[in-house]
Amino acid sequence: MSLSVDFMGIKLKNPIIVAASPLSGNGSMISKAIDAGAGAVVTQTIANEVRLNVRPRIAANSLGMQNIELYSNITLEEWEREIYYVKEKDAVVIANILAHTPSEMAYIAKKVERFGVDAIELGISIPHGEGVELLISNIQRLYNLTKMAVDSVNIPVMVKLSPNVSNLTELAKVVEEAGASAISAIDTIRAIIGVDIDKGKAMLPTYGGYSGEGIRPIALATVAGISQAVKIPVSGIGGIENYKNVIEYIMLGASTVQLCTSLIMNGYGRINEILGDLENWLEHKGFNSLDEIRGQALSSLKSFEEISIEPYIAKVSNVCNMNDCNICIKSCMYGAISTKNDIIVIDDSKCTGCGLCVSLCKKKFIYLDW
Ligand SMILES: Cc1cc2nc3c(=O)[nH]c(=O)nc-3n(C[C@H](O)[C@H](O)[C@H](O)COP(=O)(O)O)c2cc1C
């Protein structure tokens, strides 16, 4: 059984990539990620100018974090040294680069190729910062920037997209047409994490990007949509906390996955935990490689018109005497769930088969066969 994957023609020992962020902000951080077992690392966004860190710039809540960082505070020239040391370790390094014009793109792309990186990721979907947030809203500009990067180098180019747009499928197709080798998705989602109501001001001094568990459902939908729209491989990003999340992305078509917020919160050690669990799961299920499950769940996603209205209703599989839990009763909008002799029962005549109780039941006693 092997976790290795072929991604854009590069052999990775496993599909876990550390995403562009401060976790990959210099050579020694990248080295740590590689030593922790990552299949590859994407550098923090490298631009033609440095951006000093504003303070404060990160705030978290129970489902993720908002950040207002823009890009690396190390110069393009200094990145040569950072990458040189990491490449001595035989690590797979992908340079995330940002450029505003095609000629700037060609300049930076050629430079990082010369520094020895294995591939390039275009970090042009950051949802904050003047100029940056406008970059991919224009299809022609996205095509030109991607094409210029692709034509300027002999290494694969991947383009990072985000759902901060309304025409994502169209953008994915344009990126493929321009010759990109892969698409990564998603970047953070434009957000305000909250307001300090005592001070009457936002938690951070400008709009930022939200990441972490809270964005996973949006990211999964984005990755599935892109996988269905294009033939080039997809690197799934957003809220990956554990091996199950990795499998979800792979089953929706991703070839690799990228992790950021869960590593910030739990440390690089999380990579090995996930790899161990992933290996155990595949072995337990009798799979030899990730190729065997890639895209498996895509066929379960029908168009709305294809879904037939079947008379499904929820059933209880075990005797549930609730203990302290009555979430299914409280949340049933149709009044179909109640107790009889302290045991959960479902009234078939009232259940409309919505499925909410199935997903809420912590004991997995309620099911609906669809
Ligand atoms: C603090 C922080 C800094 C980030 N910096 C970058 C960056 O420099 N370039 C980039 O393309 N994405 C950047 N990202 C976005 C991540 O690479 C990733 O796309 C996003 O966080 C979603 O993944 P996650 O939910 O696993 O964090 C950053 C995210 C965070 C939280």
Side-chain angles (χ1 to χ4, degrees), residues 15-26 29-30 33 38 40-47 49-74 76 79 82 94-99 108 112 119-129 132-133 135-136 157-164 183-191 193 204 208-220 222-223 234-242 245-246 248-249 254 256-268 270-271 274:
I16 296 190
I17 299 176
V18 174
S21 66
L23 289 173
S24 51
N26 59 44
M29 301 282 280
I30 297 173
V41 178
V42 182
T43 68
Q44 189 170 23
T45 298
I46 304 170
E49 57 199 335
V50 293
R51 181 60 69 142
L52 294 181
N53 283 329
V54 293
R55 304 174 192 207
R57 59 186 176 279
I58 307 179
N61 63 13
S62 59
L63 282 178
M65 59 177 64
Q66 177 194 340
N67 85 86
I68 57 171
E69 299 200 356
L70 272 182
Y71 36 84
S72 176
N73 49 22
I74 297 178
L76 179 56
W79 269 101
E82 306 299 320
I94 301 169
N96 180 303
I97 63 171
L98 166 67
I108 304 177
V112 294
I120 288 172
E121 177 179 72
L122 306 193
I124 51 180
S125 324
I126 305 172
H128 47 277
V132 181
E133 64 199 51
L135 268 182
I136 63 158
V157 173
M158 156 163 82
V159 179
K160 190 168 183 177
L161 296 179
S162 85
N164 300 305
I183 292 174
S184 50
I186 61 174
D187 208 315
T188 52
I189 297 175
R190 189 172 169 83
I193 198 166
L204 288 175
Y210 196 55
S211 61
E213 237 188 307
I215 71 166
R216 193 170 58 245
I218 299 163
L220 286 171
T222 309
V223 165
V234 180
S235 188
I237 324 170
I240 296 174
E241 295 277 317
N242 54 42
N245 302 151
V246 175
E248 289 179 295
Y249 274 96
T256 59
V257 291
Q258 298 188 26
L259 277 68
C260 174
T261 300
S262 68
L263 300 183
I264 294 179
M265 300 304 287
N266 301 288
Y268 295 115
R270 177 56 66 97
I271 297 173
I274 295 180

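In listed order, ligands and their atoms are each counted from 1. Keep in mind that this is a model prediction, so the values were computed, not measured.
Looking only at atom types and distance, the side chain of S211 has no donor-acceptor partner in the side chain of T188 under 3.5 Å away. Between the side chains of N96 and T45, at least one donor N or O sits under 3.5 Å from an acceptor N or O.
At a threshold of 4.5 Å between non-hydrogen side-chain atoms, the residues W79 and I108 do not count as touching. Using a 4.5 Å heavy-atom threshold, the side chains of M29 and Y268 count as touching.
Comparing heavy-atom distances from atom 28 (C) of ligand 1 across A20, G25, A219, A185 singles out A20 as nearest. Relative to atom 24 (P) of ligand 1, the option among S21, G64, G239, A60 with the closest non-hydrogen atom is G239. Remark: among candidates S24, P22, S211, the nearest residue to atom 21 (O) of ligand 1 is S211, based on non-hydrogen atoms.
A search for side-chain contact (heavy atoms from CB on, under 4.5 Å) contacts involving S21 returns L23, S24, C260, not counting sequence neighbours.
The part of N67 lying near ligand 1 is the side chain, judged by heavy-atom distances below 4.0 Å.
Per-residue contacts place K160 under 4.0 angstrom from the following atoms of ligand 1 (heavy atoms of the residue considered): 10 (C), 11 (O), 12 (N), 15 (C), 16 (C), 17 (O), 18 (C), 19 (O).
By the 4.0 Å heavy-atom criterion, S262 is excluded from the residues contacting ligand 1. Heavy atoms of I126 come nearer than 4.0 angstrom to ligand 1 in no pair at all.
Looking at ligand 1, you won't find any N or O of E121 less than 3.5 Å from one of its N or O atoms.
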